[in-house]
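As a basis for the values below, the full set of heavy atoms in this structure was taken, side chains included, without hydrogen atoms, waters or symmetry mates.
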Amino acid sequence: NGGTFGLRGGFWQEVFVPTAAMVSVSGKVTTANGGGISNVRVLMLNQTGETQSAVSNNFGNFRFDDVAAGEIYIFTVQSKRYQFSIRTQVLSVDDNVTDLVFIADWK
């Protein structure tokens, strides 16, 4: 009763439901000349409205782990010190992403 089981050939068998592969998304927040910017908050919004956040390190790098593959995500940067003309990026994540970049225009 209940659960993920099915009846086949007179025997109960567990029905396996495919799950989404988990990947990582990483990138960098930089100045216009390529220097890394620390303490910038990067938000990741999934299709169900859940948000995760990461903060860039001293080199400007950030990373999200355990991201479900096969979905579309919205990434946004927030900083009190820097302005970004492109602060939001939409990304279809099917595999590990290592090159998501946000470039600050000015302080």
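The CG atom of Asp65 sits 9.0 Å away from atom CG of Asn96, with the distance rounded to the nearest 0.5 Å. Between the OG1 atom in Thr98 and the NZ atom in Lys28 there is a gap of 12.5 Å [rounded to 0.5 Å]. Taken to the nearest 0.5 Å, the CG atom of Leu91 stands 12.0 Å off from the CD atom of Glu71. Distance OG1/Thr51 to CE/Met44: 9.0 Å, rounded to 0.5 Å.
Counting heavy atoms from C-beta on, the side chains of Phe102 and Phe75 come closer than 4.5 Å. Using a 4.5 Å heavy-atom cutoff, the side chains of Ile37 and Thr31 are in contact. Side-chain contact between Phe62 and Val40: absent, with no pair of heavy atoms (C-beta onward) separated by less than 4.5 Å. Within the 4.5 Å cutoff, the side chain of Arg63 has no heavy atoms near those of the Asn61 side chain. The shortest side-chain heavy-atom distance between Val67 and Tyr73 falls under the 4.5 Å cut-off.
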Contacts table for residues 78-85: side-chain donor-acceptor under 3.5 angstrom, sequence neighbours left out:
| from | atom 1 | to | atom 2 | distance (Å) |
| --- | --- | --- | --- | --- |
| Ser79 | OG | Arg81 | N | 3.2 |
| Ser79 | OG | Tyr82 | N | 3.1 |
| Ser85 | OG | Asp105 | OD2 | 2.8 |

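Leu45 and Ile72 end up in the same hydrophobic cluster when Ile, Leu, Val, Met, Phe, Trp and Tyr side chains are linked at under 4.5 Å. Note: the hydrophobic cluster containing Val42 does not contain Ile103 (ILVMFWY, side chain heavy atoms under 4.5 Å, direct or indirect links).
Using a distance-only test at 3.5 Å, with no hydrogens or angles considered, no donor-acceptor pair links the side chain of Asn58 to the main chain of Ser38. In this structure, the side chain of Gln89 engages the main chain of Val101 through a donor-acceptor pair within 3.5 Å.
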Given the rule in the side-chain contact (heavy atoms from CB on, under 4.5 Å) test, do Thr88 and Ile74 qualify, once you have shown the distances and angles that lead to the verdict? CA-CA 7 Å; Thr88 300; Ile74 299 172; 3.5 Å; yes

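The two atoms that bring Arg41 and Ser53 nearest to each other are NH1-OG, 3.1 Å, heavy atoms only.
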